[in-house]
Peer 1: 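Okay, handing you the structure first.
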Amino acid sequence: MKDIEGLVRPNIARLSPYSTARDEYQGPLGIFLDANESPYETGWNRYPDPHQKVLKARISEIKGVPVDSIFLGNGSDEAIDLVFRVFCVPGKDNVVAISPSYGMYQVAAQTNDIEVRNVPLEADFSLDSAKLLAAADACTKAIFLCSPNNPSGNAFPVEQILDIVERFDGLVVLDEAYADFSSIPSLAKEACTRGNLIVLQTLSKARGMAALRLGMAFSTPRIIELMSMVKYPYNINQAAQSLVLKQLEESVETQVEEIKAERALAYDRLASYPFISKVFPSEANFLLVRTADADALYDHLIADGIIVRNRNRIAGCEGCLRITIGTPEENRKLYKSLDTYEEGNIR
Ligand SMILES: *Cc1c(COP(=O)(O)O)cnc(C)c1O
């Protein structure tokens with residue numbers, strides 16, 4: 001791989017980060033007349049810790065990765081955006097991504113004026129490493145992978161991902177938003193030492209904290225330092241830091257097991273409908289299904305108050321709906337609605 005310093009945008013390499021008022025003082029209780037805050041206690045009158053030390057220490061314990069290998073963002077979406085802002089020169093550099101995949105890579109690339117070279121997955125959504133690597137050129141700073149992949153649900157073998165990490169000169173960003181539901185192990189620990197791997201995880205899915213907006217990136221201390229230098233100083237607000245810390249003490253193990261059991265039931269049930277031609281195997285908390293008329297099936301479900309994700313207009317997902325696994329009761333309601341669907345019949 002290339003030296004990481006050679007991948008960084010020159011203006012970022014020269015950046016001296018904003019030092020916050022409280023960075024200089026590490027002592028115990030003091031009188032804080034440095035940040036123009038209100039001195040009157042509201043519970044929220046002080047700026048939050050820009051380094052999220054307490055939260056990172058707890059996440060470090062839970063994930064088994066060193067504190068200096070952890071970046072916390074306002075959702076994984078912030079970490080995705082920062083990859084472009086730290087490494088990609090607008091109008092010049094490009095990234096390679098798989099297709100279909102998560103839409104934010106494209107959006108973040110476009111807002112940063114970076115070309116995305118989309119490499120279509122195979123018909124079964126497996127990945128051809130040679131095609132992926134062939135799409136890269138001297139201006140390719142990163143390859144974006146998502147495993148388990150959204151919206152297809154499949155995970156790529158660990159050996160295949162590590163092989164890509166080894167063969168590619170630039171960064172590999174591996175989005176593991178659905179890792180909690182997968183039988184394929186996470187590469188978060190691997191990312192702390194590899195040098196060119198960034199693993200993204202989120203508290204928005206299995207951990208049940210989508211509203212708090214907390215995404216994590218795991219990588220080498222230098223890559224984490226670069227991302228931290230470019231982020232807004234107070235990117236994780238105090239409410240999120242406090243509430244996440246508390247909520248992390250709740251186990252989601254039984255919920256994840258229930259979702260996986262419901263996923264197996266849903267796979268069989270959905271496959272049994274004559275109008276569903278394919279249910280794609282999933283390592284995530286959703287199933288992608290193919291049907292002759294996705295828009296009609298979508299409208300049928302909407303009429304019953306059931307909202308799924310219509311992926312019909314996404315390349316590689318023609319005729320497909322993505323259905324999140326809900327509670328057992330919600331899933332029963334989905335089946336009840338599907339039981340009354342008749343192809344070609346508009347209600
Ligand atoms: C849901 C999802 C995320 C989560 O994004 P947050 O900003 O952390 O909520 C990230 N990547 C993928 C592939 C997702 O599906």
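Side chains are part of it too, since the values below use all heavy atoms of this structure and drop only hydrogens, waters and symmetry mates. Counting convention: from 1, in listed order, for ligands and their atoms alike.
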Peer 1: Thinking salt bridges, do Arg313 and Asp295 make one under a 4.0 Å N-O criterion?
Peer 2: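 Looking at Arg313 and Asp295, the cut-off is met.
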Peer 1: Taking distance alone, with no angle check, do Asn74 and ligand 1 share an N/O pair under 3.5 Å?
Peer 2: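 So ligand 1 has no N or O lying under 3.5 Å from an N or O of Asn74.
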Peer 1: Considering only non-hydrogen protein atoms, determine which one is nearest to atom 7 (O) of ligand 1 and report residue, atom name and distance to 0.1 Å.
Peer 2: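 For atom 7 (O) of ligand 1, the nearest protein heavy atom is Arg213 NH2, 2.7 Å.
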Peer 1: What about Asn150: any of its N or O atoms under 3.5 Å from an N or O on ligand 1?
Peer 2: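 Yes, there is a polar N/O contact under 3.5 Å.
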Peer 1: Around atom 15 (O) of ligand 1, find the nearest protein heavy atom and jot down its residue, atom name and distance.
Peer 2: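 Going atom by atom, the protein heavy atom closest to atom 15 (O) of ligand 1 ends up being Tyr178 OH, 2.6 Å.
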Peer 1: Check Asp137 with Arg117, please: is the shortest side-chain N to carboxylate O separation under 4.0 Å?
Peer 2: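 Yes, this pair counts.
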Peer 1: I need the nearest protein heavy-atom contact for atom 3 (C) of ligand 1: residue, atom name and distance, please.
Peer 2: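 Answer, as residue, atom name and distance: Lys205 NZ, 3.4 Å.
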Peer 1: Which protein heavy atom lies closest to atom 9 (O) of ligand 1, and at what distance to 0.1 Å?
Peer 2: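 For atom 9 (O) of ligand 1, the nearest protein heavy atom comes out as Ser204 OG, 2.7 Å.
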Peer 1: Regarding Lys333 and the six-membered ring of Tyr335, is the cationic atom NZ or CZ under 6.0 Å from the ring centre and inside 45° of its axis?
Peer 2: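 So Lys333 doesn't make the cation-pi contact.
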Peer 1: Between Lys260 and Glu283, does any NZ, NE, NH1 or NH2 come within less than 4.0 Å of an OD or OE carboxylate oxygen?
Peer 2: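 Looking at Glu283 and Lys260, the cut-off is not met.
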Peer 1: Under 4.0 Å from any heavy atom of Gly75, which atoms of ligand 1 are there?
Peer 2: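 Going through ligand 1 atom by atom, the ones under 4.0 Å from Gly75 are 6 (P), 7 (O), 8 (O).
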Peer 1: Regarding Arg269 and Asn331, is there a side-chain donor-to-acceptor distance under 3.5 Å anywhere?
Peer 2: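 No, Asn331 and Arg269 have no side-chain donor paired with an acceptor closer than 3.5 Å.
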Peer 1: So is Ala210 in contact with ligand 1, going by heavy-atom distances below 4.0 Å?
Peer 2: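 Judged by the 4.0 Å heavy-atom criterion, Ala210 does not count as contacting ligand 1.
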